[in-house]
Amino acid sequence: MLKFAIRTTTRSEMLDITSQVRATLRTAGVQDGVCHLYVPHTTAGITINEGADPDVRRDVLTDLDRLIPWLGKYYHIEGNSAAHIKSILVGSSVQVFVENGQLQLGTWQAIFFCEFDGPREREVWVRVR
Ligand code: ZN
């Protein structure tokens with residue numbers, strides 16, 4: 001398994017990690033297969049969506065906050081239930097095909113690490129099969 005680290009800088013953010021995924025695959029000499037990306041955290045997630053217009057990220061984060069406010073009627077004593085719920089909605093893994101060493105993403109797609117309880121040191125786990 002391959003891994004790379006991420007340092008998030010705010011409570012809630014979507015970091016474009018596409019270039020880090022490409023670099024990880026290049027270093028490992030991966031040519032073809034299915035790239036599995038997994039986030040081993042309970043208050044973060046990973047997704048694929050539009051990478052061209054940063055306002056899309058802003059809208060997603062704004063509406064997630066509207067749907068799941070940080071201050072709500074939660075039982076979890078740690079005080080970060082909103083982050084756990086967002087993590088469940090976004091999910092902890094994505095898959096992308098790799099052909100001839102290239103990630104097969106759509107024209108406007110990018111891979112995003114979704115932080116919901118930052119800033120923190122995070123990891124993405126990678127395996128190609
Ligand atoms: Zn918690």
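Both counts, for ligands and for their atoms, begin at 1 and track the order of listing. Computed from a predicted structure; not experimentally measured.
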A.B. asks: Find, among atoms of Glu78 that are N, O or S, the one nearest to the Zn ion (ligand 1), and state its name.
C.D. replies: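 Closest to the Zn ion (ligand 1) among those atoms: OE1.
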A.B. asks: Are Arg11 and Thr43 close enough, and set up right, to give a side chain to side chain donor-acceptor pair (under 3.5 Å), and what steps lead you there?
C.D. replies: CA-CA 10 Å; Arg11 179 187 285 165; Thr43 55; over 6 Å; no
A.B. asks: Please state whether the separation between the Zn ion (ligand 1) and some N/O/S atom of Thr43 is under 2.8 Å?
C.D. replies: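 No - counting backbone and side chain alike, Thr43 has no N, O or S atom under 2.8 Å.
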A.B. asks: Tell me whether Gln31 at atom CD has more than 12 heavy atoms from other residues, nucleotides or ligands lying less than 6.0 Å away.
C.D. replies: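 Result for CD/Gln31: enclosed.
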A.B. asks: Determine whether a donor-acceptor pair (N or O, by modelled atom type, separation under 3.5 Å) exists between the side chain of Ser92 and the backbone of Tyr38.
C.D. replies: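 Pair absent, no side-chain N/O of Ser92 close to backbone of Tyr38.
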A.B. asks: Below 4.5 Å, heavy atoms only, C-beta onward: do Thr18 and Phe112 meet side chain to side chain?
C.D. replies: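 In short, these two side chains do not touch, never coming nearer than 4.5 Å.
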A.B. asks: Looking only at N, O or S atoms, find the one in His76 nearest to the Zn ion (ligand 1) and name it.
C.D. replies: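 The His76 atom nearest to the Zn ion (ligand 1), restricting to N, O or S, is NE2.
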